[in-house]
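Structure, as structure tokens:
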2 protein chains.
Amino acid sequence: MPKRTDLSDTFCPVGRSAELLGDRAVLLILRDLFFGRRRFEAIAANTGLGPQLVSARLKLMEKQGVVERHAYQERPPRHEYRLTAKGKDLFDVLYAMRNWAERWAYEDGEIGGPAMRYVHRACGTDVGTSTVCPGCGEPLRYGDLKGEPSEALRAEQAARAG
Amino acid sequence: MPKRTDLSDTFCPVGRSAELLGDRAVLLILRDLFFGRRRFEAIAANTGLGPQLVSARLKLMEKQGVVERHAYQERPPRHEYRLTAKGKDLFDVLYAMRNWAERWAYEDGEIGGPAMRYVHRACGTDVGTSTVCPGCGEPLRYGDLKGEPSEALRAEQAARAG
DNA sequence: CTTGTAACTATGATTATCATAGTTACTATC
DNA sequence: GATAGTAACTATGATAATCATAGTTACAAG
């Protein structure tokens, strides 16, 4: 593409978010980070993105302050990527995307239930696709939920990791 | 780009959303639609996107069922684009993006307050960057909020429209 | 009959993306 | 100590998406 118009200086908050989030690769990498995948190769394998793209996006995300690169061993040098507080705060966006897809992006009976089930840790309620726990009424935040992938999703991820 | 891997058949809900939402142009067009901009030229002008991009994305969004093209007059033929129920249900995603940006994407004192203030219509409370009304505790949905752009944002939009 | 407007489509240059292969810096095994 | 293996990348070339600019269609108004 030609240099697309830079949105990082617009006063519109959606525009500023779109500068980072309006990118498939960034969203997929964020998803994996939220799922606890922290290593470069694991992210590349699960997302299906090429290593240069993963590399470029992780650098961008590091520059934006949503991830930080952390050496977890010295010899040989190995790194992992962790979400910062700014990164973890993107949970609402990813969770809203998940909720929308669960409601609209599957054919009836395609899986026979949600692709991913989430349970509120605090009270044990299945939260469905709510932003507020239907059991106890608490707003849902990062770390509050325990996810259980459907059989279909689990099989797909296993195939990619192989 | 070469044909990027299609995510519409993945079982991961974030992946399916990312197929549509992982695109700057789509996000900007959605933002404008949520703000009530329904005409092609108005969207193109405000987003700063070229007409071919706006055209291509609106066609895609129509195909995905998030907008519908509606003739508002016959002679001369004029159309507008409206969010469908599936499209309106993306409100949570856009609102989460806005909240994140308000918290993280501005320098201290860059505007001197939020770029966009939202008030809960039902109770009149300024919702800040919450997903649940801090006044009455209700979850916030599409149509529940009344937005007031900051002076900076209003000036920027006026400049683009001119 | 020229100007204006809405809603686009066409063209060409630029640049991001993907697939594939290669690199670096080690450890482990034979 | 030479070969194989692994993590985390970088390099290269083909392809395709994007932007800027200009042009088109269908009509109304002056």
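Numbered from 1 within each chain, the chains take letters A, B, ... in sequence-line order.
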How many Å lie between [atom1] on [X] and [atom2] on [N], as a whole number?
X	N	atom1	atom2	result
Arg38(A)	dC9(D)	CZ	P	16 Å
Arg37(B)	dA7(C)	CZ	P	14 Å
Leu53(A)	dA8(D)	CG	C1'	16 Å
Glu80(B)	dA6(C)	CD	P	14 Å
Arg24(A)	dA16(C)	CZ	P	17 Å
Arg69(B)	dA6(C)	CZ	P	16 Å
Ile43(B)	dA6(C)	CD1	P	13 Å
Gln73(A)	dT27(C)	CD	C1'	10 Å

Exceeds 12 heavy-atom contacts within 6.0 angstrom, atom CZ of Arg82(B):
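Enclosed.
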Atom CZ of Arg154(B): over 12 foreign heavy atoms under 6.0 Å: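 It does: Arg154(B) CZ has more than 12 such atoms within range.
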Within the structure, does a side-chain N or O atom of [X] lie under 4.0 Å from either OP1 or OP2 of [N]?
X	N	answer
Tyr81(A)	dC9(D)	yes
Lys59(A)	dA8(D)	no
Ser55(B)	dA7(C)	no

What nucleotide among [options] has an atom nearest to a side-chain atom of [X]?
X	options	result
Pro51(B)	dA8(D), dT9(C), dA16(C)	dT9(C)
Tyr72(B)	dA6(C), dA8(D), dC8(C)	dA6(C)
Leu49(A)	dC9(D), dC18(C), dA6(C)	dC18(C)

Parallel under 30°, tilted from 30 to 60°, perpendicular over 60°: which one fits the rings of Phe40(A) and Tyr81(A)?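 Judged by the thresholds at 30° and 60°, the geometry between Phe40(A) and Tyr81(A) is tilted.
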Working note: Glu68(A) + Arg38(A), criterion salt bridge (charged side-chain N to carboxylate O under 4.0 Å, His left out); need CA distance, chi angles, decisive distance, verdict.
CA-CA 10 Å; Glu68(A) 56 190 14; Arg38(A) 294 206 261 246; over 6 Å; no
ask   = Are the ring centres of Tyr95(A) and Tyr142(A) closer than 6.0 Å?
value =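 No, the ring of Tyr95(A) stays outside the 6.0 Å limit from the ring of Tyr142(A), centre to centre.
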Given protein heavy atoms under 4.0 Å, the one-letter contact record of nucleotides 23-30 of chain D, with B base, S sugar-phosphate only and - none, is simply ----SS--
inquiry  = So, under a plain 3.5 Å distance rule, would you say the side chain of Gln52(A) forms a donor-acceptor pair with the base of dA19(C)?
reply    =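 Counting by modelled atom types and ignoring angles, a donor-acceptor contact under 3.5 Å is found here.
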### Query
Quick one: do Asp89(B) and Arg103(A) make a salt bridge, cutoff under 4.0 Å?
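Answer for the salt bridge query: yes.
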Salt bridge (Lys or Arg N to Asp or Glu O under 4.0 Å), paired with Arg16(B), selected from Glu102(A), Glu110(A), Glu107(A):
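Testing each of Glu102(A), Glu110(A), Glu107(A) against Arg16(B), the sole residue satisfying salt bridge (Lys or Arg N to Asp or Glu O under 4.0 Å) is Glu110(A).
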